[in-house]
Protein chains: 2
Amino acid sequence: MPVSQAQPRWQRRADARPQELLDAALAEFVERGYAATRLEEVARRAGVAKATLYLYYENKLELFKAVVRHSLVAAFDELAKEQRDAATSARAQLTKLLAAFVHRVAESPLSGLPKLVIAEASNFPDVARFYHDEMIRRGREVFTGVLERGIASGEFRAVDVDHAWRIVIAPLLLSIIWKHSFAAFEAAPLDFERHLDAHLDLLFNGLATDRRKRIRR
Amino acid sequence: MPVSQAQPRWQRRADARPQELLDAALAEFVERGYAATRLEEVARRAGVAKATLYLYYENKLELFKAVVRHSLVAAFDELAKEQRDAATSARAQLTKLLAAFVHRVAESPLSGLPKLVIAEASNFPDVARFYHDEMIRRGREVFTGVLERGIASGEFRAVDVDHAWRIVIAPLLLSIIWKHSFAAFEAAPLDFERHLDAHLDLLFNGLATDRRKRIRR
DNA sequence: CGTATAAATGACTCAATAGTCATTTACTTC
DNA sequence: GAAGTAAATGACTATTGAGTCATTTATACG
C-alpha cells in the first residue's frame, strides 16, 4: 500500500525496445556465446522482463539472427561513412580502408560480431553462411580491388591477391578477437592506432633490410 | 536370449579411455562450444556410456580444463620436434617456426584449440588466463626473440617488435580459426602451404614496389 | 475524467541434460 | 574354474532455463 507512488512501475516504449534488446543481446551473446546466454539476463540488461522480450522476438534463435543481421548492417553503415575516392593512390586507399575499420568497427560494440559468428558457426551454419556471403565476400572484393589497382598502376608488386587480402586484414581482425578474449590479462590494452601503423609499415616496406642501406653501412 | 554371443558387450580399457575421451571432447567442444556440448554425445563419440565418462573426469568443467591443458601440452610437444638451431639466419629461423606451426598444429586436431579458448574466454577466465600465460606468453617470447636477433644482426629493419610479433602470426592463426568456421562455405579449402609462402613473401619484401626497379623501368 | 487497448509483467509449464547410483559384467589371479 | 574386483552401464533424480499465458497497468483519446 504505497501512499504516493512517484514513478509508474514501467513505461510503454514500443519503438525503443527492439533496439535496446538487440544491444543487450549483442553484448551478452558476445560475452557468453549463444548457448550460455540467458534470455532472463538479456531482458534484465535491457531493463524489461523476460516475457517482454517475446513481444518483439519470436524466440532465442530469431533474436540471435536479428542481432547478427542488424550488426552486419550497422557495420556496413559505419564503413560507408568513409567515402572511397578512387582518385588517390592505392596505398592511400588501403590505408584509409584499414583506418576506417579500426575507427568505425574495432573501437565499437560491433567489434564483437566476428568473434560471435566464428564461435557459433558450426552450430548455426545458415547464420555463418549469411555472414560469409554478405560480409566476407564484400570485404574480399574491396580489398582485392585495391590490391589489383595498385599492381596495375605499378605501385605494388605483383603479389597473389587471393592470399594477400587475408594477410592484409588478419592483424586487425585478430586484434579485435583478442580484445574480446584476452584483454583482461594484458598489462596494457592494445593500442589499435599504433598497431595499425606498425602493420602498414611492415605491409608496405617489409621486414628485410633494404640492400642499399646495408651496403652503405 | 542370444544363443552364442561372439563378442563381449564391452571391454575394459582403463588406460586408453582417458585419451579417447579427451579426443572426443576436444572435437565436440571445438565444434559446438562448451555449453552446447552434450556429455552424452562426447561419450558416444568415444564409444562408452555417459556414466563411464564420470569414472575418469569429475564433471564437465574438469573435462573441459583437461582438454585445454592436454591440448596445450600436445601442441608444445609437436612444435618442440622442430629443433631450433640458432646458427642459421633470423629469416630462416622465422620461416622454420611458421612452417612448423602450419605442419604441426594448423593441419591437426590441435588447430581447434585457439578457437575454443577464444570462444569461451569470458565464461572461463581461469582457462583463458592459463592459455594466455602458458601459450601466448611463450609464443611472444619466441617470436620477439627471433625478430630482435634479426634486427641486431642488421638482417631486419628496426621495427617495433611488440606489435610485429602479432602481425607475424596473425595470418596463420586467423586461417586456422577460419578453417573451423567458414571452410564449409568456400569453394576450395585454404592451401596453408601457399598461404604461408604468400605471407612470408609479403612479410620480408613488403607490398610497395622497390624504387630501384621502378626507376629502371 | 473515463474507457479502450497496447505494453508489460509474474508466475507458471515443460523439456533437456548434468550428475548419481545400484547393478551387471569383463577380466585377473590363485 | 571359482572368486574377487575394477570397469562399465542403464535407469534414475534434480536443476535449469526456454517459452506461455492470464492478469495488470500505462497511456492515448474521446
Side-chain angles (χ1 to χ4, degrees), chain A residues 1-29 31-67 120 123-124 127, chain B residues 1-29 31-67 120 123-124 127:
Chain A
M1 50 183 92
V3 179
S4 69
Q5 74 274 39
Q7 301 293 341
R9 289 213 274 133
W10 33 262
Q11 291 183 314
R12 311 173 118 204
R13 305 178 56 245
D15 43 352
R17 298 292 190 214
Q19 183 60 54
E20 291 170 357
L21 286 165
L22 287 179
D23 292 346
L26 174 63
E28 288 290 317
F29 281 139
E31 195 166 322
R32 310 195 195 289
Y34 179 84
T37 289
R38 313 290 157 224
L39 294 188
E40 186 86 52
E41 189 59 21
V42 171
R44 200 195 56 74
R45 192 168 186 143
V48 296
K50 186 175 66 162
T52 303
L53 197 160
Y54 283 87
L55 296 178
Y56 297 97
Y57 300 96
E58 204 180 336
N59 54 41
K60 190 177 182 180
L61 184 55
E62 286 307 312
L63 173 64
F64 179 67
K65 288 179 176 175
V67 164
E120 303 297 341
N123 286 328
F124 305 103
V127 172
Chain B
M1 53 184 89
V3 178
S4 71
Q5 73 274 38
Q7 300 294 339
R9 288 213 275 131
W10 34 262
Q11 292 183 311
R12 309 174 122 205
R13 306 179 56 244
D15 43 352
R17 298 293 190 213
Q19 184 60 54
E20 292 170 357
L21 286 165
L22 287 178
D23 291 347
L26 175 63
E28 288 290 317
F29 281 139
E31 195 166 322
R32 308 194 197 291
Y34 178 84
T37 289
R38 312 290 155 223
L39 294 189
E40 186 86 51
E41 190 59 22
V42 171
R44 199 195 56 74
R45 192 167 187 144
V48 297
K50 186 174 65 162
T52 304
L53 197 158
Y54 283 88
L55 296 178
Y56 298 96
Y57 300 96
E58 203 179 337
N59 54 42
K60 190 176 182 181
L61 183 55
E62 286 308 312
L63 173 64
F64 179 66
K65 288 179 177 176
V67 165
E120 303 297 343
N123 285 327
F124 305 103
V127 173

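- When rounded to the nearest whole Å, the span between CG of L21(B) and C1' of dA7(D) equals 13 Å.
- In this structure, CG of L63(B) is placed 13 Å from C1' of dG19(C), rounded to the nearest angstrom.
- At least one side-chain heavy atom of L39(B) sits less than 4.5 Å from a side-chain heavy atom of L63(B).
- Note on R13(B): every side-chain N or O is 4.0 Å or more away from OP1 and OP2 of dA26(C).
- The interatomic distance linking K60(A) (NZ) with dA16(C) (P) rounds to 15 Å, in whole Å.
- E20(B) is listed as a side-chain neighbour of R13(B), based on a closest heavy-atom distance under 4.5 Å.
- Looking at K65(A), its side chain never comes within 3.5 Å of a backbone N or O of K60(A) through a donor-acceptor pair.
- Atom pair E58(A):CD and dT20(D):C1' shows a separation of 13 Å (rounding to whole Å applied).
- Counting heavy atoms from C-beta on, the side chains of E62(A) and N59(A) come closer than 4.5 Å.
- Taking atom CD on E40(A) and atom P on dA18(D), their separation rounds to 8 Å, with Å as the unit.
- OP1 and OP2 of dA7(D) both lie 4.0 Å or more from every side-chain N or O belonging to Y56(B).
- Put simply, CG on L39(B) is 15 Å from C1' on dT15(D), counting in whole angstrom units.
- Across the protein-nucleic acid pair, Y34(A) atom OH and dG17(D) atom P stand 14 Å apart, rounded to whole Å.
- Between F64(A) and F29(A), the angle of the ring planes goes over 60°, which puts this pair in the perpendicular group of the 30/60° scheme.
- The side chain of A14(B) has dA7(D) as its nearest neighbour among dA7(D), dG19(D), dA18(C).
- In this structure, the side chains of V127(A) and E120(A) stay at 4.5 Å or more apart for every pair of heavy atoms.
- Contact check of residues 41-53 of chain B against DNA chain D (heavy atom, cut-off under 4.0 Å) returns V48(B), A49(B), A51(B), T52(B).
- Two residues are said to be in side-chain contact when any heavy atoms from C-beta on lie closer than 4.5 Å; Y34(A) and N123(A) fail this criterion.
- Here the side chain of Q11(A) is nearest to one of dG19(D), dG19(C), dT27(D), namely dT27(D).
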| field | Chi angles and distances behind the side-chain contact (heavy atoms from CB on, under 4.5 Å) call for F124(A), L61(A) | value | CA-CA 9 Å; F124(A) 305 103; L61(A) 184 55; 3.4 Å; yes

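- Within 4.0 Å of L55(A), counting heavy atoms only, lies at least one base atom of the nucleic acid.
- When L22(B), V48(B), L55(B) are each tested for a side-chain contact (heavy atoms from CB on, under 4.5 Å) with R17(B), only one passes: V48(B).
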Anything under 3.5 Å between a protein N or O and an N or O of nucleotides 22-25 of chain C, put it in a table, one pair a line.
residue : atom : partner : partner atom : Å
dT25(C) : OP1  : R9(B)   : NH2          : 2.9

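- Separating the CZ atom of R38(A) from the P atom of dT15(D) is a distance of 16 Å, rounded to the nearest angstrom.
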